[in-house]
**Student:** 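Dropping the structure in here first, questions after.
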2 protein chains.
Amino acid sequence: MFQRYSKQREVVYNVLCQTKTHPTVDWVYEEAKKVLPEIGIATVYRNLRELVKHGMAKVVLTPDNKEHFDADMTQHPHFICKSCGCVMDVTTQGHTKIAQKGFVVENCDTTFFGTCPQCAN
Amino acid sequence: MFQRYSKQREVVYNVLCQTKTHPTVDWVYEEAKKVLPEIGIATVYRNLRELVKHGMAKVVLTPDNKEHFDADMTQHPHFICKSCGCVMDVTTQGHTKIAQKGFVVENCDTTFFGTCPQCAN
DNA sequence: ATTATAATGATAATCAATATCACTTGTCCA
DNA sequence: TGGACAAGTGATATTGATTATCATTATAAT
């Protein structure tokens, strides 16, 4: 998978696995520094990208134009709050059930990723 | 809605309404220049933002970290091609039907937008 | 232990998006 | 009709997230 082990990558991945807050790069960086104070922000960026490339993490794009990361690779919808900007998992399906948990849903976007018919040829 | 009429805003909105390609700012800018050669890129940014704020357009965030815009405010899923980066409307529901049209679907993200329970209080 | 090279960390560079500000233009009203 | 006020524009500077660069460090095979 990766050509060599690195302490930094392990720490970055552990930080990501141990939270459900869908953190930004900066948050992962701050947490990683608590374990490896010498780690650099470039290494955090690099490893998060690598984790995504290797299918070990997903990027969640938010309206504030920052990348958030999620190590939970099971398919599940997210809820993004326009007030505090938090990204949360919503395990139930459908507007009604989400509303019952206190979420005020204004909009819903669904995006499929893959290869379009032209490129598939 | 808007406090004053402006030719520039009308052109930007018309450009957006007349395409289904979910264009970037730059594409809208180039098209708008064909009608109003003196229009500035800042004006295009500004008006696209305003259109979104007023519920006349939506932002589609793509993995290339650029904002794409869509004047179709009906709720509909998008398909983003990892090969060419195009953003397309997929009007049918479900992986199977999309696959029948030649799309190779690898992943699907659903995001709800609104106010989280804590902020709603 | 030696060696090849992957990975790191500091920092420069990139680039999309936003802010600034003097100037222009739409709209109100005398 | 003609100011006058302020919204809107356009050129450009600034910001800020992400990526590239490169000398140095560290992993893993021999």
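Everything quoted here is computed from the prediction, not taken from an experiment. Numbers restart at 1 for each chain; the letters A, B, ... are given by sequence-line order, proteins then strands.
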**Student:** So, B:D72 and B:H22: side-chain donor and acceptor under 3.5 Å apart, yes or no?
**Tutor:**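 Short answer, no.
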
**Student:** Expressed in angstrom and rounded to an integer, what is the separation of A:D64 atom CG from C:dA17 atom P?
**Tutor:**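 Interatomic distance, CG of A:D64 to P of C:dA17: 13 Å.
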
**Student:** Pick base, sugar-phosphate or nothing for B:Y5, based on heavy-atom distances below 4.0 Å to the nucleic acid.
**Tutor:**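 B:Y5: backbone/sugar contact only, no base atoms under 4.0 Å.
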
**Student:** Roughly how many Å is it from CG in A:N65 to P in D:dT19, rounded to a whole number?
**Tutor:**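 It is 13 Å, rounded to the nearest whole Å.
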
**Student:** Can you measure B:K53 atom NZ to D:dG8 atom C1' for me and round it to whole angstrom units?
**Tutor:**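 My rounded result for the distance is 13 Å.
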
**Student:** Within the structure shown, what part of the strands sits under 4.0 Å from A:N47 by heavy-atom distance: base, sugar-phosphate, or nothing?
**Tutor:**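 If one applies the 4.0 Å heavy-atom cut-off, A:N47 turns out to touch the sugar-phosphate alone, with no base involved.
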
**Student:** Checking side-chain polar atoms at under 3.5 Å, does B:D64 have a donor or acceptor matched by the opposite partner on B:T62?
**Tutor:**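 Result is yes, a qualifying pair exists.
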
**Student:** Please state how far atom CD in B:E50 lies from atom P in D:dA7, giving the value in whole angstrom units.
**Tutor:**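 It is 12 Å, rounded to the nearest whole Å.
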
**Student:** Indicate, with a heavy-atom threshold strictly under 4.0 Å, whether A:R9 touches base, sugar-phosphate, or nothing.
**Tutor:**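 If one applies the 4.0 Å heavy-atom cut-off, A:R9 turns out to touch the sugar-phosphate alone, with no base involved.
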
**Student:** For the side chain of A:T43, counting heavy atoms from C-beta on, which of D:dG10, C:dT18, C:dT8 is nearest?
**Tutor:**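 Given the options D:dG10, C:dT18, C:dT8, the side chain of A:T43 is closest to C:dT8.
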
**Student:** If you check the B:R4 side chain, which of D:dA17, D:dT12, C:dT27 turns out closest?
**Tutor:**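 Nearest to the side chain of B:R4 among the choices is C:dT27.
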
**Student:** In whole angstroms, how far is the P atom of C:dA7 from the OH atom of A:Y45?
**Tutor:**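 Going from A:Y45 (OH) to C:dA7 (P), I get 20 Å.
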
**Student:** Which part of the nucleic acid does A:R46 contact within heavy-atom distance under 4.0 Å: base, sugar-phosphate only, or nothing?
**Tutor:**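 Result for A:R46 = base.
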
**Student:** Would you classify A:S6 as touching base, sugar-phosphate or nothing, given that sugar-phosphate means primed atoms plus P, OP1 and OP2, and contacts are heavy atoms under 4.0 Å?
**Tutor:**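 The residue A:S6 makes sugar-phosphate contact but no base contact.
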
**Student:** Out of D:dT27, C:dA17, D:dT18, which nucleotide sits closest to the side chain of B:V25?
**Tutor:**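 Of D:dT27, C:dA17, D:dT18, C:dA17 is nearest to the side chain of B:V25.
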
**Student:** Whole Å only: how far is the CE atom of A:M1 from the P atom of C:dA7?
**Tutor:**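 The distance from CE of A:M1 to P of C:dA7 comes to 12 Å, rounded to the nearest Å.
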
**Student:** Nearest to the B:Q8 side chain among D:dT19, D:dG10, D:dA7, which nucleotide is it?
**Tutor:**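 Nucleotide nearest to B:Q8's side chain: D:dG10.
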
**Student:** Can you check whether A:Q118 reaches B:C84 side chain to side chain, under 4.5 Å on heavy atoms?
**Tutor:**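 Sidechains of B:C84 and A:Q118: no contact.
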
